[in-house]
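Just below is one structure, and these are the notes that go with it.
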Amino acid sequence: MQDRLLSLLDLGGPVVALLLLLSILALSVFIYKIIQFRGSGVGRHGEIEAAIRAFDAGNAAAAAASLGKSPNHLAPLFLKALRAGEGGRARLLAEGEAALARVEGGFRLLDSIAQIAPLLGLFGTVLGMIDAFQALQEAGQSVDPSALAGGIWVALLTTAGGLAIAMPTSLALTWLESRSAADRLMADLAIEAFFERPEGSARPMDLADAS
């Protein structure tokens, strides 16, 4: 495996080396985000939804208990909203944006890799084709078709490498963004629910017994 990798690097040159580095970087970021999402409970909203239902039914204590059991990283923020009343809404919204920004960290890097990888592969192909046709011109009448085909194969290798990196990176980013977007929607819903306080729902002062 090591010999084959070194052979590919030798054939593709610096472009293949850069693509390999991008693939390692993209995989590292994705693994880190998976660990971060799991530890932060991103996308796990069962207890939060139960808290909203309990709050709408006028049971503040049950709502606070559900939020206390939630693994989602936004649950402590929602618990503050449950206890705050209208006065702290702007502060809680800002804290929610900061928490979601931490979850979304690294998305720009993955997006850049997904966009740059195929362009870098195409750049390598163009360089390879330039070398191939330069060799064709220098050969004059004594052209070796196998040598020309080999040069073109090496040139196309970089395009294939770029696409092979860009496609899974784009899919991984889409999945991560969908999970983050679900948390963002839940944040909007929960904060609105706890501040709206429809008739019959719990009031902030009712939470004194829930703490």
Side-chain angles (χ1 to χ4, degrees), residues 1-44 73-74 94 96-188:
M1 178 65 73
Q2 184 178 359
D3 292 339
R4 187 170 184 179
L5 180 61
L6 292 175
S7 177
L8 287 176
L9 290 174
D10 183 57
L11 287 172
V15 174
V16 170
L18 286 175
L19 288 173
L20 180 61
L21 290 176
L22 287 180
S23 68
I24 295 173
L25 180 59
L27 181 60
S28 300
V29 172
F30 181 65
I31 292 174
Y32 170 77
K33 297 306 293 184
I34 290 294
I35 296 172
Q36 182 191 32
F37 275 32
R38 184 177 179 84
S40 301
V42 175
R44 301 171 65 180
H73 65 115
L74 294 173
E97 283 296 328
L100 289 167
R102 287 192 293 272
V103 166
E104 294 171 354
F107 285 6
R108 282 185 176 272
L109 178 58
L110 289 176
D111 182 57
S112 297
I113 291 174
Q115 294 186 42
I116 290 174
L119 295 177
L120 187 59
L122 180 61
F123 178 64
T125 298
V126 172
L127 292 179
M129 295 297 289
I130 290 174
D131 289 340
F133 283 105
Q134 184 177 8
L136 178 64
Q137 181 183 18
E138 292 175 353
Q141 298 296 325
S142 57
V143 177
D144 184 359
S146 63
L148 182 60
I152 295 175
W153 177 85
V154 171
L156 294 177
L157 175 65
T158 59
T159 296
L163 293 175
I165 295 170
M167 289 186 290
T169 301
S170 180
L171 289 174
L173 177 60
T174 298
W175 183 80
L176 292 172
E177 286 178 336
S178 68
R179 302 285 286 182
S180 174
D183 263 22
R184 185 173 291 278
L185 289 174
M186 180 53 64
D188 292 340

Using side-chain heavy atoms (C-beta onward) and a distance below 4.5 Å, is [X] in contact with [Y]?
X: His73; Y: Asp183; result: yes
X: Leu100; Y: Leu74; result: yes
X: Ile34; Y: Trp175; result: yes
X: Arg44; Y: Arg38; result: no
X: Ser180; Y: Phe107; result: yes

Drop me the distance from [X]'s [atom1] to [Y]'s [atom2], to the nearest 0.5 angstrom.
X: Leu156; Y: Thr158; atom1: CG; atom2: OG1; answer: 7.5 Å
X: Phe123; Y: Thr159; atom1: CZ; atom2: OG1; answer: 12.0 Å
X: Leu18; Y: Leu22; atom1: CG; atom2: CG; answer: 6.5 Å
X: Asp111; Y: Leu176; atom1: CG; atom2: CG; answer: 12.0 Å
X: Thr169; Y: Gln115; atom1: OG1; atom2: CD; answer: 11.5 Å
X: Ser170; Y: Ile113; atom1: OG; atom2: CD1; answer: 12.0 Å

Identify the heavy atoms of Ala166 and Ala114 that sit nearest to each other, and give their distance.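 Distance-wise, the nearest heavy atoms are CB-O, 3.4 Å.
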
Can you tell me if Gln36 uses its side chain to pair, donor with acceptor, with the backbone of Arg102 under 3.5 Å?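 Indeed, once roles are kept as given, a pair shorter than 3.5 Å links the two residues.
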
Determine, for Arg179 against Glu104, whether the closest basic-nitrogen to carboxylate-oxygen distance falls under 4.0 angstrom. no

